[in-house]
Amino acid sequence: MKRHMRENYYVVGEGILTTDSNGGVCERPSTEAALRKFRFSRIGPKGEPLDPALLEKVARAMTVAPAEEGTTQPVSADPVVPAGFTYLGQFVDHDLTLDNTAKALGDRVTVNELLQGRSPALDLDSVYGRGPRDADDDRFYAPDKVKLKVGLTAAIDGPGTNINLNGYDLPRVTQGSKKAERQAALIPDLRNDENLIVAQTHLAFQRFHNRVADELADRGVPSAVLFERARGSVVRHYQWMLKTDFLPRIVDPSIVDDVFANGRRFFETPAGTSGPYPHVKAGDTPTMPIEFSVAAYRLGHSMVRAAYDWNRIFSGTRGTLPLLFVFSGTSGNFDPFAEDLNDQESGLFERLPTNWTVDWRRLYDFAVEANRPDLAAPAGINLAQRIDTLLVDPLAALPRGAFGGTGNPPPIELNLAFRNLVRANMVQLASGQEMAEFLGLGALKPEEILAGSGGAVLDALTEEEKTAFANRTPLWFYILREAELHGGRLTGVGGRLVAEVFHRAMEGSRISIVRDPGWRPTLGPDRDTFRMVDLLLFAFEGRADLLAPLGDTAPGA
């Protein structure tokens, strides 16, 4: 089963880097591995691993942040980011960093699976799979082979919740001898059902596609080409939204502007340019740098809240992060009273109960950004945590289903920060200082690494450990500390890595706004604007009763 904690990396020129709790090994490329469509790469130099005992101390220091109260964000954060973008970022990660060759650790991968690997591009193959004409992936589609299937919620006692709502849960398998089989989402990438918010984000993209298809059909687009026309429009609008709305919220906008205006300088640079880096043609299949997938793009882990003002019923801080795992088919079992979350056979529900239906107004700012005061959240929107070196404490003890874990691992192996730090060790990721030198940037000073600005406190480290950590800082921690010292946006090493990989992933997509610079969005308020709020407004017809189907008050209240 696929998870966001991938255990095998086929790195171009190095072979298969296999990671587990005991360390990392490099295997010679097999004939099968050489056929992978999806390949990882390394931008910078190899680094030297740090002592796991030191990393354990750092991980514990990073996961002490308590559950926050209300919907506020640290006042030093700039910009203030609506919490929905945390999970949009996770959704994008699943579009970028996994293909159908990914298996659980130790599973054999067949040549056929390798040849059918998904693309490492921003093309929404995590939603579309291989398309409605594929003999395996047609199960994700409605009988018309144009629209994507959506699912029903499960009615539960209560005013306004005792009905099944169509289109507010992912489609599910519904068949099988075990509850875990029946509750599995019927989508190409099961990681998009590992928490409730990323599942609802995936569902929003399904609804967006279906609405685009309806609009095109109404305009007379022939059925023979309707799916491809709809997909083309959806992917281009998605890429535009990432470039103009998502990226500038998490990366210094000057870096984003520079990369998209002047091109990449370090990662898979265009053929004919100078420099010692690999050169590519625009249409070549991109690779995925491990500096991005193992470090830079794990920025979203620090944006996660411990609790969410979720909907009318689970308001305030009642939408806790553990419950968002419970109400998913991959990490949870839809049973909030289960003694063991990892027991997927417990509980009465096999799909999302209606009382957990999303209220999008609480995750994105429609009132200000879209000038829709009628769509203001009752108590204000949930805000993401600042990008820094602190993770909320529920991430110190992940459910095993979140990463495909089995058995009874030591508690520290359930700590997300520890897993990130150790995984970088295993693939010999360059330190933050080494990457700064490689990119020609000034490195953070040791005292900046150790002190930060309101982030992780490293007082538990010995003086010797502090010296080692401050001079060979794990890339993930280094990038988060950079952001922390600059108000909550990636800059320097992190900003350059993320912006260049996004640019390359768009350029290498079969459908690409980078290769078609004259394209402009048609589904937003004007020809230069298409944001996540615009995507949701289009998908849900701009209607409050569809964006927040449970409303603000119970029927009859």
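Here, residue 1 is the first one in the sequence, and each next residue gets the next number. Because only heavy atoms are used, hydrogens play no part in the values below, and waters and symmetry mates are left out as well, while side chains stay in.
Between F327 and F314, the distance separating the two ring centers is not shorter than 6.0 angstrom. Checked against the 6.0 Å centroid criterion, the rings of F530 and W240 do not qualify as a close aromatic pair.
Counting only distance, with no hydrogens or angles, the side chain of E345 and the backbone of K178 share no donor-acceptor pair below 3.5 Å. In terms of modelled atom types and a separation under 3.5 Å, the side chain of R211 and the main chain of A539 share no donor-acceptor contact. Within the 3.5 Å criterion, the main-chain N or O of K147 finds a donor-acceptor partner in the side chain of D144. Listed for the S512 side chain is a donor-acceptor partner under 3.5 Å among the backbone atoms of R515. For R351 (side chain) and T153 (main-chain N/O), a donor-acceptor pair under 3.5 Å exists by modelled atom type. Judged by distance alone, with hydrogens and angles left aside, the side-chain atoms of H209 form a donor-acceptor pair with the main-chain N or O of V146 at under 3.5 Å. With hydrogens and angles ignored, the 3.5 Å screen pairs no side-chain donor or acceptor of N311 with any backbone N or O of D359.
The number of heavy-atom neighbours closer than 6.0 Å to CZ of R139, taken from other residues, nucleotides and ligands shown, is above 12. Other residues, nucleotides and ligands contribute more than 12 heavy atoms inside 6.0 Å of the CD1 atom of I163. Applying the 6.0 Å contact sphere to CG of D218 captures more than 12 heavy atoms from other residues, nucleotides or ligands.
Taken from CZ in R207 to NE2 in H202, the straight-line distance is 13.5 Å, to the nearest 0.5 Å. Summarising the geometry, atom CZ belonging to F85 is positioned 10.5 Å from atom CG belonging to L363; distances are rounded to the nearest 0.5 Å. Between the CG atom of N415 and the CG atom of N420 there is a distance of 9.0 Å, given to the nearest 0.5 Å. Separation of atoms CZ (R543) and CG (L375) is listed at 12.0 Å; rounding is to 0.5 Å.
Classification of D138 and K145 as a salt-bridged pair holds, one side-chain N sitting under 4.0 Å from a carboxylate O. Between R531 and D534, at least one side-chain nitrogen of the basic residue sits less than 4.0 Å from a carboxylate oxygen of the acidic one, meeting the salt-bridge criterion. By the 4.0 Å N-to-carboxylate-O rule, D552 lies close enough to R361 to be salt-bridged with it.
The side-chain hydrogen bond (donor to acceptor under 3.5 Å, both in side chains) test with E350 is passed by exactly one of R182, R172, Q183: R182. No option in Y87, F538, Y128, F91 other than F91 meets the ring-ring contact (aromatic ring centres under 6.0 Å, His included) test with F205.
Between the side chains of N333 and S346, at least one donor N or O sits under 3.5 Å from an acceptor N or O. If you check the side chains of T354 and T161, you find no donor sitting under 3.5 Å from an acceptor. Side-chain N/O atoms of Y238 and D95 include a donor and acceptor closer than 3.5 Å. There is a side-chain donor-acceptor pair under 3.5 Å between N192 and H94.
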